4 protein chains.
Amino acid sequence: MLNENCGLFAVYHKDSSFNVSAQIIEGLIALQHRGQESAGIAVSNGENIQTYKGMGVVNDVFPKEVIKRIKGSFGIGHVKYSTNGFSNYANAEPLTVKYKGEFFSVAHNGQIENSAFLRDLFEEKGTIFFTTSDTELIPHLLVTNLKGAPSTWNPENIAKLIDKHISPSYSLLLLFKNKIIALRDRYGYRPLAICETDDAVYLASEDSAFKFFKLNNSKIREVEPGEMIEINSEGLKSYKINKNNKYRYCFFEHIYFARPDSNIYGDNVHLMREKLGELTAKEHPVEADIIVPVMDSGFSAALGYSKASGIPLELGLMRNKYIGRTFIDPDIQERKLSVRRKLSPVKEVIENKDIVLIDDSMVRGTTMKHIVKMLKENGAKKVHIRIASPMVVNTCYWGIDIPDKKDIIGANKSKEDIKRIVNADSLEFLSLQYLSNYLDVKVANYCFHCFQT
Amino acid sequence: MLNENCGLFAVYHKDSSFNVSAQIIEGLIALQHRGQESAGIAVSNGENIQTYKGMGVVNDVFPKEVIKRIKGSFGIGHVKYSTNGFSNYANAEPLTVKYKGEFFSVAHNGQIENSAFLRDLFEEKGTIFFTTSDTELIPHLLVTNLKGAPSTWNPENIAKLIDKHISPSYSLLLLFKNKIIALRDRYGYRPLAICETDDAVYLASEDSAFKFFKLNNSKIREVEPGEMIEINSEGLKSYKINKNNKYRYCFFEHIYFARPDSNIYGDNVHLMREKLGELTAKEHPVEADIIVPVMDSGFSAALGYSKASGIPLELGLMRNKYIGRTFIDPDIQERKLSVRRKLSPVKEVIENKDIVLIDDSMVRGTTMKHIVKMLKENGAKKVHIRIASPMVVNTCYWGIDIPDKKDIIGANKSKEDIKRIVNADSLEFLSLQYLSNYLDVKVANYCFHCFQT
Amino acid sequence: MLNENCGLFAVYHKDSSFNVSAQIIEGLIALQHRGQESAGIAVSNGENIQTYKGMGVVNDVFPKEVIKRIKGSFGIGHVKYSTNGFSNYANAEPLTVKYKGEFFSVAHNGQIENSAFLRDLFEEKGTIFFTTSDTELIPHLLVTNLKGAPSTWNPENIAKLIDKHISPSYSLLLLFKNKIIALRDRYGYRPLAICETDDAVYLASEDSAFKFFKLNNSKIREVEPGEMIEINSEGLKSYKINKNNKYRYCFFEHIYFARPDSNIYGDNVHLMREKLGELTAKEHPVEADIIVPVMDSGFSAALGYSKASGIPLELGLMRNKYIGRTFIDPDIQERKLSVRRKLSPVKEVIENKDIVLIDDSMVRGTTMKHIVKMLKENGAKKVHIRIASPMVVNTCYWGIDIPDKKDIIGANKSKEDIKRIVNADSLEFLSLQYLSNYLDVKVANYCFHCFQT
Amino acid sequence: MLNENCGLFAVYHKDSSFNVSAQIIEGLIALQHRGQESAGIAVSNGENIQTYKGMGVVNDVFPKEVIKRIKGSFGIGHVKYSTNGFSNYANAEPLTVKYKGEFFSVAHNGQIENSAFLRDLFEEKGTIFFTTSDTELIPHLLVTNLKGAPSTWNPENIAKLIDKHISPSYSLLLLFKNKIIALRDRYGYRPLAICETDDAVYLASEDSAFKFFKLNNSKIREVEPGEMIEINSEGLKSYKINKNNKYRYCFFEHIYFARPDSNIYGDNVHLMREKLGELTAKEHPVEADIIVPVMDSGFSAALGYSKASGIPLELGLMRNKYIGRTFIDPDIQERKLSVRRKLSPVKEVIENKDIVLIDDSMVRGTTMKHIVKMLKENGAKKVHIRIASPMVVNTCYWGIDIPDKKDIIGANKSKEDIKRIVNADSLEFLSLQYLSNYLDVKVANYCFHCFQT
């Protein structure tokens, strides 16, 4: 199993009487888009670590009283991505383990490339696994290589050990009874941001999570690839564990995964998406009456396409806020019901119009087919699809939930075939070449693996 | 207590072996924006009526198995608006009562103007009230005036009785064991649409609810003010109960309440909102760098303002999808937390910009103050507020949840004062005069009571 | 529908700042054996009445915070008996209605004999019914006959009206914003007890409910048949509304329904059951090795039978404390599973023994058949059944959940046939004659309708 | 932390298409008295093991659909004892771990005496602990000593390894993808029974759990101390792993923990308790009017005392079936409320009586004080306490939840002091000497550690 994309949050409050539980939970709510399968927190009061986690979204996992039961002035939190099974509680994070009389906790965002190899290695030594998550490798690595109780381990040694043995991707939070350690892998696949204020230090997968709080004199920056941060009662220290300076920032975070109001890899996500739309407009212009975004994912790119092309953006597809589970039996109703419940065409907007339909990306292509059908049923004359990112042709081993190649439409069909399958009047993707030209020297710092065969 | 704005849905399936429960529930999900306090359905199998309702949103109210327990080929459903109390189950609708051995059910959208008078009248005759909802007046009126079992009552007599005694506003659904009756008040305050297909007849507060289903040969229209519809095993009949032809369509449905993809009073809601934005741009132009909508309510108007003004629309404020209850103690944290959790400023978009901030309406003004503050904290140079509807200066007695005059900012403060309170650089409302000019002859058919002192 | 046997509880605290919610809920827990379908409370603070109720047992219905939300110094509570349907929230009590701007509430234990007649009468006058419970007749009766707001009604008039029009059985609690009224029907079918202390007045269906509290100087007695109690800020008053002195105390309360530690109709329930066992032993002696009670219902009677006969009582059948719903599919498993899950034979006790199996009563006879089978499978040589009450041969119209005659085994089969059906070696019932001889003059005060054809 | 007393259940069905989930769950319900903190099952279909567990009682842990999701023809289940904390999900069993690509599961009843030593040993080798339960030592022991995938491990080697390194007490179930292994420690501290039928093999902590099923030709016996059972597709094999024949059967299982209808160590539990009551009567006779058991724990012993003494048993204290959490604020109410809610005195039975109050054992003594007070408040003239087991003076290290010595009343006070504290008129315990005389040669096979200083 993979450790797919997840959200991390941590607080170290300088006032040891302050309880950070509520703040961590609020931080996780801000990062809920990064994972809805499970949520959890681990909090230290300096002596002991308490952990609380459960399956589902933050609001379902945590009872109100949890903030009275789980107490301490520093701690970490985690939201995990996709639901693959009936119940997978064991994999929920933070993963808290006990060693030499002390608890310590790990929260991980990423996917460890050499996990199968490491598992075999550990099993040869007689290690058993209590979860099916890559994250469990971290504590096993630490206890087999470091002496004494976890709180006495040297932070640099911890970080070097991980850097040496654990293949990226990982953005990691470690909680010991006396400190928090944060570590981002040498390539920086996954984002991780830090915010120092007068009162506390915060860490989050995305800096937008810091906005939930009233922060005094906050200094916000990204934890750098290969950087380790140690926070304890004496303050914050930074170590450069790995000097590698050729990064592999996951570009899919910009395209789809991150919040529009976050800043990652030095850029605002919304503005990057708008730029992608603009580039798409320039590379693949088309004559049309209106731009229609697939809401909400395609909105920023559609704004960019609209500005660059001069074609007005319109709300041709509305996203329904309230859906949840369906009561109609799926066997006796058509399959496209779920698209129909999520997106509603606004007939009066699209009727008799030539439409540029904008989405951020195309992976499986299944939804797009139903959207085009709905648009045409509601009177659209022409539907030109413009995808504001390169065609996905490969899966991902570093944390993004891209399916096996057999389920990636771009890995199996030509652009021309896809156009026919989804019944579009034209279909274009922003090319990797065009995108690279724009990114210029920065291109070397991104991972584009999913766009390359 | 009022019967505030609500959502109605009904199905009469021609195949008496078809169970409509799931369809009614899906219809209510489509209308969930009209009320989240309670939800309920009442379904007839021709002999008996079963009712199921509960507090909360549709997905929480109905267990999956309800569609196996509540069975019948026709029925009605209801979602109710605001949460005023701890538990108000008795007021949930449909309201099902028993008389002469038969159940019948009522679902109501609107607010009965003469309810206090009617209550007194009934109480003098020894009627007790089991709910605090205006809706209960309907069954009391019927049983005190009509003879025999409810299924034998003449539909025209039912409708005339209501038309005569019950002051608008009301859009009503009545379920008897052998038929459905729908009635819209003579002024047409509240919308009500009907959809006839080969298989069934549907009724809904908004026609967008019909899109959830795959409909064959659907004919959709609005139920007219003063019109009564009767649907039974012999088909559908329409009666013009009240010949009044001067209507009072609630304009706030267009401004705020209805879904953008609905059509009410002959117009598409999104296009109307876009037009209101356009009119606002024309009446109150301003020089600025970007248009920022208060998402989601101000989006359609902002599109219109952008098109008319040529100033580009930007995502300067992002709406958080995941919020729910807060874990931070409100007493020890600042009040504006809730705005902060709902809306996130995108600093990179707004920094150093002159902004036109667009919202659909302003009632209390409390949120706006915090939004302006967030924008300025994030570097906005100027914030010009443009409200795409007239200033609200009066409360509503016909179903919209507008507070008492003391809580309406426009009823107590001048525009200049409000500008200062919310700390805007300018503040303008679309004037009623300007709007009226645009609406032209149609102006006579709208209720603008809340905009008039 | 019937209003089957239920539990009532009320508190009027002299200190108007004391909140009685928790006490009423605790009282209902003590009476939980009288009904598990729904539970509810209605509490007055002198000005307003708040009601909270729900489906299920007390512990599931009431969230902990209810005692902070529902506040007042006097109020009433109710637990309702059997589960007949999917959801019958409307019938949960107390039934709170509004009339002339005031709420008032009714909680009822009993079954109104002339309810069909009264319903017709009211419907003729245009009354609609919001529930299918007999209890709803009470408020309709009051408002159609009394003038002014409910709090101004004269308590004696209320009681006389009910005494005149409502046929027993009923033990009733009425809550007005300024008082509590309790009324027991002229025949005293259902028990009702009152407890005066220095601080408060309590009312309960059974006096054992008073034991849950620490009471100072408590004076406990039964409310008399035909007696009305009024409790308000000036204290307690008693009125003899109906002078009838030939009572019809339900004897089934003694046999089965009431708690063993309660006192009803002047006798302790456990001691009465023990006496019934003793009488059965005298009327129907048998030679055997051990007495085995059907736990828990037959325990008291078995003690009596054992003492009178000298045959030792043994734990031959153990009741399982933890059962709940079954996970085994009932279709593929044998029917007797449910008996098997409830009662476990103790083989070592019963093997090679002649057994006297004692139960309190026999209505359907279905369980008994499986019990005898289990005993014989576990080695019992002989099973002599002794039922410590007369054979049930008739249904009940006054509140006990005895099924239709067709499902009463004694109404359809001879004692000899039943013996054969349940495979007993002998079967005897305490005869009504023998019981009557024992009760002597008191016999005239009991209802034995279910024992008489 | 300890692994306190728990319940084990297993099924191996010969028909590989039979799903045993429901049977294991039903078995756990029968053993629910052995633990209410958590419950879980692990089931193999021959290829894969699925685990489902949760906090609380069986009926709360398992949703109905679990038996459709967790499928296989053999598996194990576990209920765990006491609630020590907010949430201790990680400790719920069966504990399923992964090693060399295969899951295997452990369920344990007992307490490992050398657990601290073993933990240290493992930690020195770099083992981390994911739970605070002793059970986790078992899989760590196995993987560090056995080669290859778990399903290939030799059962005898597994058992010998555990026998050699793990100090009793333990009754263990191990589930591999291809077999079930059961092992009882050499001293037999904890019971474990096996039942072979034509269709399946069952294992359970107590044989009464087998009664829940309809079993064909069942052969039931205890797994012997030091015996290992292996069940796979080829049938059942038994191995004598440890030839020790001096046992240490926990006598507290007989006194309190096991179900009365179970047979352990060759004796029926109810009959043993009755015998203990009889011995107590003989050793400590007293003149009195009635015997009153503390229900339900003292019932069997009271029957024995009654028979031996000739004093009639009476229901002087009734146990309330419905209690659950309290709504009364414990701070403002007296402490003895909880006793008052659990046990109700029957005044009419105890008034003016000299009472022999019988309980099975006395550990803390706190409840007894309140019981005596209630009895005297209700008119008891004299209360003679007779405890049908020796005075507990020491804690337990082998699985019974006896508190630290400081909380054991018998370890800190003389019998005379206790008598005074609980305000009894006399107090006697069955002496260990008297009990030993009765047990005769069998005495050597019991652990009486808690009765010995």
Side-chain angles (χ1 to χ4, degrees), chain A residues 1 38 40 48 50-55 61-63 65-66 68-71 85-92 95-106 116 119-120 122-133 135-150, chain D residues 1 38 40 50-55 61-63 65-66 68-71 85-92 95-106 116 119-133 135-150:
Chain A
M1 204 210 87
S38 67
N48 189 28
Q50 289 173 286
T51 303
Y52 193 91
K53 49 193 180 176
M55 304 308 290
V61 165
F62 297 102
E65 69 267 28
V66 81
K68 287 180 191 154
R69 304 291 294 271
I70 305 292
K71 285 193 160 174
F86 186 30
S87 174
N88 206 357
Y89 182 95
N91 284 341
L95 186 61
T96 299
V97 300
K98 197 167 193 180
Y99 183 65
K100 305 227 165 159
E102 288 182 4
F103 288 109
F104 70 99
S105 301
V106 191
R119 263 169 201 276
D120 287 349
F122 279 117
E123 290 192 338
E124 283 314 308
K125 294 197 230 171
T127 295
I128 39 176
F129 289 94
F130 285 77
T131 74
T132 52
S133 151
T135 307
E136 190 179 343
L137 293 165
I138 308 288
H140 286 304
L141 177 72
L142 300 183
V143 298
T144 47
N145 286 279
L146 298 168
K147 304 281 177 203
Chain D
M1 204 209 87
S38 67
Q50 290 172 287
T51 303
Y52 193 91
K53 47 192 180 177
M55 304 308 289
V61 165
F62 298 101
E65 68 267 27
V66 80
K68 287 179 191 155
R69 304 292 295 270
I70 305 292
K71 285 193 160 174
F86 187 29
S87 174
N88 205 357
Y89 183 94
N91 284 342
L95 187 62
T96 300
V97 301
K98 196 168 194 179
Y99 183 64
K100 304 226 165 161
E102 287 182 5
F103 289 108
F104 70 98
S105 302
V106 190
R119 263 168 201 276
D120 288 348
L121 212 73
F122 279 117
E123 290 192 339
E124 283 313 309
K125 295 198 229 170
T127 295
I128 38 177
F129 289 94
F130 284 78
T131 74
T132 52
S133 151
T135 306
E136 189 178 344
L137 293 165
I138 308 288
H140 286 304
L141 178 73
L142 300 182
V143 298
T144 47
N145 286 279
L146 297 167
K147 304 282 177 203

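Letters A, B, ... are given to chains in the order of the sequence lines, protein chains preceding strands, and every chain is numbered from 1. This structure is a prediction, so every number in the text was calculated from the model and none was measured.
The OG1 atom of D:T127 sits 8.5 Å away from atom NE2 of A:H140, with the distance rounded to the nearest 0.5 Å. D:K125 NZ to A:T144 OG1: the interatomic distance, rounded to the nearest 0.5 Å, is 13.5 Å.
Put simply, of D:P139, D:G54, D:P150, the one with the most heavy-atom pairs under 4.5 Å next to chain A is D:P139.
Using a 4.5 Å cut-off between heavy atoms, D:F122 makes no contact with chain A at all. There is no contact between D:L146 and chain A, counting heavy-atom distances below 4.5 Å.
The minimum heavy-atom distance linking A:V143 with D:G126 is given by the pair CG2-O, 2.9 Å. Annotation for A:E123 and D:K98: closest pair OE2-O, 3.9 Å, computed over non-hydrogen atoms. Across all their heavy atoms, D:I128 and A:F104 have their closest contact at CG2-CE2, 4.3 Å.
Other residues, nucleotides and ligands place no more than 12 heavy atoms under 6.0 Å from the NZ atom of A:K71.
Using the six-membered ring where Trp is involved, D:F130 and A:F130 have ring planes that are parallel, under 30° apart on the 30 and 60° scheme.
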